[in-house]
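Each remark here refers to the structure printed beneath this line.
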Amino acid sequence: DVKVTQSSRYLVKRTGEKVFLECVQDMDHENMFWYRQDPGLGLRLIYFSYDVKMKEKGDIPEGYSVSREKKERFSLILESASTNQTSMYLCASSFDTYEQYFGPGTRLTVT
Amino acid sequence: AQSVTQPDIHITVSEGASLELRCNYSYGATPYLFWYVQSPGQGLQLLLKYFSGDTLVQGIKGFEAEFKRSQSSFNLRKPSVHWSDAAEYFCAVGRSSGGYQKVTFGTGTKLQVIP
């Protein structure tokens, strides 16, 4: 079974803090994705990566950056957390881009 | 622009009753279509997918979906709902954008199952 793990299930941070969300997949997938999920808005793509050290902006990249130093690990970085970044963050990976496997999510609260 | 519409935000059905969740998409080319399920506190799990061929596709947990090009729809069905089906369901379409392949998700339909 494909396994995508995320470093934290719940996280509480203060405004202005730098936040790292980690995602690891164990299936040697080329492609990895970060989404945020908000009620009534579904999933929105923040960033994605098709290869090590490669990244592309998604639909809502503002306020976020990413890092992919190793194939299995894709990190989402909030340089200076703000309250409007309180959300559920979901990581996904895929071999075939269209079929994605998701982690359990990290619920981030910024106070 | 490509989009996915799930017109029902919330649906309640009785256990044992049939279920149909609606999904309409807007996409110029032949779409790649998906249904995912998200149980409370969990990530998304793929239920089924349509790429081509037979327009009625079978998925896991007894779900099926039918692709209707003329109606731009990909509705999810189950003949008899179980209490464990209570979850949020997302329809999604694969799209090509900027030379990359991405997935656009609908806003979700939350299913409540009553005894």
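These numbers were taken from a predicted model, which means no experiment stands behind them. Convention: sequence-line order gives letters A, B, ...; per-chain numbering from 1. As a basis for the values below, the full set of heavy atoms in this structure was taken, side chains included, without hydrogen atoms, waters or symmetry mates.
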Legend entry - Interface moiety of A/Q6 toward chain B, non-hydrogen atoms closer than 4.5 Å: neither
Legend entry - Atom pair CD (A/E56) and NZ (B/K102), whose distance is rounded to the nearest 0.5 Å: 8.0 Å
Legend entry - Cluster overlap A/Y35 with A/L21, hydrophobic side-chain contacts below 4.5 Å: no
Inset, instruction - Would you indicate whether B/Y32, at its atom OH, is surrounded by more than 12 heavy atoms from other residues, nucleotides or ligands within a distance under 6.0 Å? - result: no
Inset, instruction - Kindly work out whether a path of hydrophobic side-chain contacts (I/L/V/M/F/W/Y, heavy atoms less than 4.5 Å apart) joins A/W34 to A/L78. - result: yes
Inset, instruction - Could you tell me the separation between the CD atom of A/Q100 and the OH atom of B/Y36, rounded to the nearest 0.5 Å? - result: 5.5 Å
Legend entry - Verify same cluster id: A/Y50, A/F102 (apolar side-chain graph, 4.5 Å): yes
Inset, instruction - Answer yes if A/Y47 and A/L90 sit in the same cluster of Ile, Leu, Val, Met, Phe, Trp and Tyr residues linked by side chain heavy atoms under 4.5 Å apart, and no otherwise. - result: no
Inset, instruction - Tell me, yes or no, whether the heavy-atom count around B/I9 atom CD1, taken from other residues, nucleotides or ligands under 6.0 Å, exceeds 12. - result: no
Legend entry - Segment of A/R44 engaging chain B (4.5 angstrom heavy-atom cut-off): neither
Legend entry - Close contacts, residues 37-63 of chain B versus chain A, judged by heavy atoms under 4.5 Å: B/Q38, B/G41, B/Q42, B/G43, B/L44, B/L46, B/K49, B/F51
Inset, instruction - Determine whether A/L76 and A/M88 fall in the same hydrophobic cluster, where Ile, Leu, Val, Met, Phe, Trp and Tyr are linked whenever their side-chain heavy atoms lie under 4.5 Å apart. - result: no
Inset, instruction - Evaluate the side-chain proximity of B/V103 to A/F48: yes if any heavy-atom separation is below 4.5 Å, no if none is. - result: no
Legend entry - Which portion of A/D38 sits near chain B, non-hydrogen atoms under 4.5 angstrom: neither
Legend entry - Interchain contact, A/L43 with chain B, by part (heavy-atom threshold 4.5 Å): both
Inset, instruction - Determine whether A/Q37 and B/F105 make a side-chain contact, defined as any pair of heavy atoms from C-beta on separated by less than 4.5 Å. - result: no
Legend entry - Within 6.0 angstrom of A/K71 NZ, more than 12 heavy atoms from elsewhere: yes
